[in-house]
Amino acid sequence: MNGPAGHGHSPAPVRVSLGARSYDVRIGRGILADLPEALAECLGRPPRAACAVIDRNAETHARPVLRALADAGVALAEVTIDATEPDKSLETLRRILTEMGRARLERNDPVIAVGGGIVGDVAGLAASTYRRGVPVLQCPTTLLAMVDASVGGKTGVNLQVDGQLQKNMVGAFHQPALVLADTATLDTLPERHFRAGLAECIKHGLIDGAVRDGSHLDWIERTLLRILARDPEALAELIERSVRCKAAVVAGDEHERLDAGGRAMLNLGHTFAHAIETIETLTPTGRAEDAPLLHGEAVALGLIAAAEAGVALRRSPPGLPGRVGRVLGACALPTRIAALPDDGVLLARMGADKKSSGGRLRIVVPLDGHRAEVVDDPPSEAIARGWAGIRLGETTHG
Ligand SMILES: NC(=O)c1ccc[n+]([C@@H]2O[C@H](COP(=O)([O-])OP(=O)(O)OC[C@H]3O[C@@H](n4cnc5c(N)ncnc54)[C@H](O)[C@@H]3O)[C@@H](O)[C@H]2O)c1
């Protein structure tokens, strides 16, 4: 680790290379304190004004740096958000835009998002639409947001349609000007959310070989005990490796236009996950009070289902679902789940996923533990094998 002076465990910044829209992801303990300086540097001058969008549960981390910005003469508008999926809404977007308008933010005045993926997504969308686009700084405070949501420029809110929550249905691509991932903010992150973030890291491990050396999953398996103990160096390296993988995928396909490969790879496990994460009654532990599944928990189940489907399609080796299940299980993530609806219902819910293409179902299956492949129109038997692999009492892996 070759960290800059003053911060322990800071890997070199990861560059997301997108021509004029390129930016750095800085990772390290305590680096939120650098925000005033970093902001001036990436904007080319200190901002006159800014709008901070703050996750209520990350406020203690945001407060000191916002005070420093105000002391430096930045006029700050502030919006505090409850990070729930129903609050990731057009109403919350309207609240942020209204505060920005009230503060008369101008074209170069940034939005600063401090929080998990929900706050980052809605703040990013506000930045993309206010005056047709102002800069956004992402300061992720969950593991999932550090390794996934804050990088790549996808922003959005959910849409309520006739009582149904359609996830991320309204959004835009809007790359951040800078990402500051301060690992000290993870000190307060509840264990369940921390482990949910590990599911996305493991997903990156399963696709890393398409864009990098493919060592990520092996490294996670070798380093897991230190990661679970939140060893600062292991955490910083985990985030760096995951961000490097995501950055390389995004750099090759910024707007998800490639038919196969590219950003579609990042959907590994997600077509299965999206079919179950909005079923309010599903619980990762069997205890009703733990329902519904967190996104990362649904992804964990989705990764195993995708590997099982891959085996059925003869794309994945027979041992892969077991390997994926073991590493996820060691993270105390769910690997099987009770009370799944029938296959027919699940298939219909998968078809409703917006990533299915042209009315045909599209899934991504892992190939060898390092790479993955898009499969269009998979036979329903392969999908059924996927669901059977995670249905409690009907396991085919282990
Ligand atoms: N834009 C993308 O590319 C992308 C990628 C993946 C996920 N997402 C979106 O991200 C969201 C999930 O993000 P998430 O997992 O970060 O969840 P989240 O934003 O819901 O945060 C999880 C919980 O942790 C709390 N929290 C945040 N930081 C904390 C801290 N430091 N200490 C204590 N509590 C803290 C939040 O208030 C919330 O209760 C979903 O809406 C998903 O659609 C977006």
Side-chain angles (χ1 to χ4, degrees), residues 16 25 29 32 53-63 80-89 92 113-125 127-128 136 138-159 165-176 179-201 203-204 230 235 239 242-243 246-247 249-250 253-256 263-270 273-274 277-278 292-300 302 333 353-355:
V16 185
V25 181
R29 230 188 133 75
L32 252 187
V53 182
I54 309 157
D55 190 317
R56 196 174 297 287
N57 292 323
E59 240 187 306
T60 49
H61 304 296
R63 226 12 92 199
T80 303
I81 305 277
D82 289 317
T84 72
E85 288 295 337
D87 282 312
K88 187 176 163 181
S89 63
T92 301
V114 187
I118 289 184
V119 162
D121 277 10
V122 62
L125 183 57
S128 82
V136 62
Q138 294 285 357
C139 306
T141 63
T142 65
L143 179 60
L144 186 136
M146 290 183 188
V147 299
D148 194 359
S150 66
V151 180
K154 281 193 180 177
T155 72
V157 294
N158 303 324
L159 193 62
L165 197 68
Q166 298 186 350
K167 284 255 308 170
N168 300 326
M169 203 44 82
V170 179
F173 284 101
H174 189 56
Q175 299 293 343
V179 181
L180 286 183
D182 183 342
T183 51
T185 63
L186 300 179
D187 291 352
T188 55
L189 187 68
E191 190 62 17
R192 184 173 170 192
H193 285 288
F194 177 72
R195 289 172 184 243
L198 292 175
E200 296 285 6
C201 299
K203 178 197 77 179
H204 287 141
R230 304 203 197 185
L235 260 192
I239 296 163
S242 295
V243 169
K246 175 136 190 200
V249 173
V250 167
D253 183 22
E254 182 181 3
H255 297 111
E256 201 163 345
R263 282 187 91 135
M265 289 299 129
L266 297 168
N267 294 330
L268 177 62
H270 281 58
H274 287 154
E277 69 176 316
T278 49
L293 296 170
L294 297 178
H295 176 69
E297 292 166 344
V299 168
L333 283 159
D353 187 281
K354 68 186 187 308
K355 275 157 193 143

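Counting starts at 1 for both ligands and their atoms, following the listed order.
For atom 12 (C) of ligand 1, the closest non-hydrogen atom on the protein side is Leu144 CD2, 3.9 Å. Distance from atom 14 (P) of ligand 1 to its nearest protein heavy atom, with residue and atom name: Gly117 N, 3.6 Å. For atom 2 (C) of ligand 1, the nearest non-hydrogen atom of the protein is Ala149 CA, 3.6 Å. For atom 36 (C) of ligand 1, the nearest protein heavy atom (residue, atom name, distance) is Asp55 OD2, 3.3 Å. If you check which protein heavy atom lies closest to atom 30 (C) of ligand 1, you get Thr188 OG1, 3.5 Å. The protein non-hydrogen atom at the shortest distance from atom 20 (O) of ligand 1 is Ile118 CD1, 3.2 Å. Asp148 OD2, 3.5 Å is the protein heavy atom nearest to atom 6 (C) of ligand 1. The protein heavy atom nearest to atom 39 (O) of ligand 1 is Asn57 ND2, 3.4 Å.
For Arg263, no heavy-atom contact with ligand 1 is shorter than 4.0 Å. Counting heavy atoms closer than 4.0 Å to ligand 1, residue Leu294 contributes nothing at all. At a 4.0 Å heavy-atom cut-off, ligand 1 touches His61 through the side chain alone. When non-hydrogen atoms are compared, ligand 1 lies under 4.0 Å from the side chain of Asp121 (C-beta onward) but not from its backbone. Residue contacts with ligand 1 for Lys154 involve both N, CA, C or O and side-chain atoms from C-beta outward (heavy atoms, distance under 4.0 Å).
Using a cutoff of 4.0 Å between basic side-chain nitrogens and carboxylate oxygens, Glu256 and Lys154 are scored as salt-bridged. Between Asp187 and Arg29 a salt bridge is recorded (basic side-chain N to carboxylate O distance below 4.0 Å).
Shown in contact with Gly116 at under 4.0 Å from a heavy atom are these atoms of ligand 1, numbered in order with element: 16 (O), 19 (O). Near Thr142, meaning under 4.0 Å from one of its heavy atoms, ligand 1 places the atoms 14 (P), 16 (O), 21 (O), 27 (C), 28 (N). The Asn168 neighbourhood of ligand 1 comprises atoms 43 (O), with distances under 4.0 Å to a heavy atom of that residue. Against a heavy-atom cut-off of under 4.0 Å, Lys246 is close to the following atoms of ligand 1: 3 (O).
The nearest non-hydrogen atom to atom 31 (N) of ligand 1, considering only Thr185, Val250, Val147, comes from Thr185.
Using a 3.5 Å distance cut-off with no hydrogens or angles, the side chains of Asp87 and Thr84 do pair a donor with an acceptor. In summary, the side chains of Glu85 and His295 do not present any donor paired with an acceptor at a separation below 3.5 Å, with no hydrogens or angles considered. With 3.5 Å as the limit, one finds no donor-acceptor pair spanning the side chains of His270 and Glu277.
The shell of residues lying under 4.0 angstrom from ligand 1, judged by heavy atoms, includes Lys167. Glu85 counts as a contact of ligand 1, since one of its heavy atoms falls under 4.0 Å from the ligand. The closest approach between any non-hydrogen atom of Gln138 and ligand 1 is not below 4.0 Å.
Side-chain contact check for Thr141 versus Leu189: every heavy-atom pair is 4.5 Å or farther apart. Looking only at side-chain heavy atoms (C-beta outward), Gln175 and Gln138 stay at 4.5 Å or farther from each other. Side-chain contact between Val53 and Val114: absent, with no pair of heavy atoms (C-beta onward) separated by less than 4.5 Å. For the pair Asn158 and Thr278, the minimum side-chain heavy-atom distance is 4.5 Å or more. Under the 4.5 Å side-chain criterion, counting only non-hydrogen atoms from C-beta, Arg195 is not in contact with Leu143. Inter-residue side-chain proximity for His61 and Asp182 is flagged as unmet; no heavy-atom pair is nearer than 4.5 Å.
Arg230 places no side-chain N or O within donor-acceptor distance of the main-chain N or O of Phe194, the cut-off being under 3.5 Å. Side-chain atoms of Asn168 do not come within 3.5 Å of backbone N or O of Gly156 as any donor-acceptor pair. Checking side-chain atoms of Thr80 against main-chain N and O of Arg56 turns up no donor-acceptor pair under 3.5 Å.
Between Leu186 and ligand 1, not a single N/O pair is under 3.5 Å apart. Some N or O of Lys88 is nearer than 3.5 Å to an N or O of ligand 1, by distance alone.
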